[in-house]
Number of protein chains: 2
Amino acid sequence: MAKVTSVKTVDRLVAVLDSFSSEKPAWSLTELSQQLGLPKSTLHRFLTALETHSILRCDPRDKRWRLGYRLLIWGNLAAESSGLRHIARPIMEELVATTRETAILTVYHQQEVVCIEKVETNHPVRMTLQVGTRRFPHAGASSKVLMAYLPEEEVQAIIREKGLPRLCVNTITDPRRLREELARIREQGYAESHEETDLGAWGVATPIFGPDGGVVAAIGVAGPRSRYTEQRAQEFVALCRQAAHRISVLIGAKQGGLE
Amino acid sequence: MAKVTSVKTVDRLVAVLDSFSSEKPAWSLTELSQQLGLPKSTLHRFLTALETHSILRCDPRDKRWRLGYRLLIWGNLAAESSGLRHIARPIMEELVATTRETAILTVYHQQEVVCIEKVETNHPVRMTLQVGTRRFPHAGASSKVLMAYLPEEEVQAIIREKGLPRLCVNTITDPRRLREELARIREQGYAESHEETDLGAWGVATPIFGPDGGVVAAIGVAGPRSRYTEQRAQEFVALCRQAAHRISVLIGAKQGGLE
DNA sequence: GAAGCGGTTCCACATAGTGGAACTCCTCTA
DNA sequence: TAGAGGAGTTCCACTATGTGGAACCGCTTC
């Protein structure tokens, strides 16, 4: 739901940029005007201002507007700004070398889970995704780990506002079952997922605790079901725990979250 | 140099976000107020509006402002929006599998070169960088390839406004020598670089031509000098040419840029 | 050749945003 | 322990920014 602040132009900018998605990466002026309920002259002036700053770009051939590379630059700086990613990356690379699967670092952000770093295995059959990808918080090992440590009112807000849509054959869509699962995750300190978000995929993830004791990110490993064994799952959990602990210590958490 | 448009609030947003860099990822209100020459009350209102939309975030412990994850989401969408990256990625993975070095996809953007995709080799000693990283256009194989195909007035503007700073032991800093180098690159259809941007690094890159005949990106391979041989360099050039051609064809260029 | 539609520009008018002052809160020093 | 100083926060009379309908241009289609 759209937020309103005391700087209306910033609100409008967010509305404009949020119109662009994986499903619709390009808009004509008229389409966007209708989508946003803005007069074309107003929108046109706004879009050309964003173009001047490379926040948007307009393909002269089809006159369609797309997000610009300035956002990529800011996005990279955003991902780097806390230092978490920089610290986590070499540890993730070791995780990938050991598990031969893809490692993923995610954070919780506004009722969604966002990937801020990934190291992919070079195995041809693998889990692949992009930094900046966002996911529902109720499905997938990394997502469930992050949701498990949210305040109860935030969990309620997610269920109410995002819902628990069925994304794959094993997605948990019942709120009571999901809460049981989140309690189990807190108890055992890790999450496991099998075909909750993607057919043929499985993964495990553990929380990364920050200096104030809260969960700041999740680290997980994911791969295809064809390489799943229960033994590998247990090994991966232990490896993710160690990785999470090392990252916690490096970012200044007391005891690296192991109390 | 800061641009001015007819939407002053957008200009201000860019000024604010551009204050954040790798060197200074976090600012206090007072610091940023001084940096931007804005009264604290004005800036405070602006920053809290950006925070509401997760464009910025404020760490409650140190009260410092940092770029927010919303930019990461938009940045990922920006990188995906043209389809180039999606098309290029599997080809880059093959390139990495064959060369055992890191592959990089870059575009030219406002007197800078920006990385929009990378596939790193898993060799422990390697060239590593992040998507969204920006570089000077006069140094490094990928950068020089992109600069070589710019209009002359843009080359002049780069030399005049960015300059040709010495980044490493082999950076070309003389405008005449650089122009000769760019002419050579156009003639031979690839660029090579040895320790122009980073000590101990070398690389090769070739241009990717678009449907309108212009260069839309560069694809390159880079690694440490310890693994350099002239034969490998020639092999890598041929492999990058093939990769660039395949990408060109897939994005709709006639003859994939080989005329 | 004309109609229709998408994109572009202009300017009288309306709304958004300003920023100094006063305030609160926190830290440091005497 | 109290006071000073500085950072952050809020308010509102005032100023600057941005609006959007109309008219225009250019292109495509019938």
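Every chain is numbered from 1 and lettered A, B, ... according to where its sequence line falls, protein lines coming before strand lines.
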Item checked: Spacing between B/L32 atom CG and D/dG6 atom P, to the nearest angstrom -> 20 Å
Next item on the list: Nearest whole angstrom, please: distance from the C1' of C/dT9 to the CG of A/L47.
Entry: 15 Å
Check: Counting just side-chain N and O atoms, does B/T42 come under 4.0 Å of either OP1 or OP2 of C/dG19?
Finding: yes
Note to self: In this structure, how many angstroms lie between the C1' atom of C/dA16 and the CG atom of A/L13, rounded?
What the structure shows: 16 Å
Notebook entry, point to check: Can B/R57 be said to sit on top of B/Y69's aromatic six-ring, NZ or CZ under 6.0 Å from centre and within 45° of the ring axis?
Noted result: yes
Checklist line | Closest listed nucleotide, where the reference is the side chain of B/T9 and the choices are C/dG17, C/dG7, D/dT9 | finding: C/dG17
Notebook entry, point to check: B/F46 CZ to D/dT9 P: how many Å, rounded?
Noted result: 17 Å
Notebook entry, point to check: Of all the choices, D/dT9, C/dC10, C/dG19, which nucleotide is nearest to the side chain of B/K40 once you look at every atom?
Noted result: D/dT9
Checklist line | d(CD, B/Q34; P, D/dG6) in whole Å | finding: 12 Å
Note to self: Between B/Y149 and B/F209 (judged by ring centroids, cut-off 6.0 Å), do the two rings come close enough to count as a pair?
What the structure shows: yes
Check: What integer distance in Å separates B/L38:CG from D/dA16:P?
Finding: 15 Å
Notebook entry, point to check: Between B/K3 and A/E51, is the closest basic N to carboxylate O distance under 4.0 Å?
Noted result: no
Notebook entry, point to check: CG of B/L43 versus P of C/dG20: gap in Å, rounded?
Noted result: 13 Å
Check: In terms of the nearest nucleotide of DNA chain C, which residue is placed more toward the 5' end: A/V7 or A/S28?
Finding: A/S28
Item checked: Closest listed nucleotide, where the reference is the side chain of A/S41 and the choices are C/dG20, D/dA7, C/dT9 -> C/dT9
Check: Quick one: do A/E112 and A/R135 make a salt bridge, cutoff under 4.0 Å?
Finding: no
Check: Reckon B/R45 has a side-chain N or O less than 4.0 Å from the OP1 or OP2 of C/dG17?
Finding: no
Next item on the list: Kindly indicate, with the supporting measurements, whether the criterion side chain to side chain donor-acceptor pair (under 3.5 Å) is fulfilled by B/H109 and A/S54.
Entry: CA-CA 8 Å; B/H109 164 266; A/S54 299; 3.3 Å; yes
Check: Would one find a side-chain N or O of B/K63 under 4.0 angstrom from OP1 or OP2 of C/dC26?
Finding: no
Item checked: Minimum-distance nucleotide to B/K8 side chain [options: D/dT17, C/dC10, C/dG17] -> D/dT17
Check: For B/H44 and D/dT9, is the shortest distance between a side-chain N/O and OP1 or OP2 below 4.0 Å?
Finding: yes
Notebook entry, point to check: Between C/dG20, D/dT9, D/dG8, which nucleotide gets closest to the side-chain atoms of B/P39?
Noted result: C/dG20
Note to self: If I take atom CG in residue B/D62 and atom P in nucleotide D/dA7, what distance separates them, rounded to the nearest angstrom?
What the structure shows: 15 Å
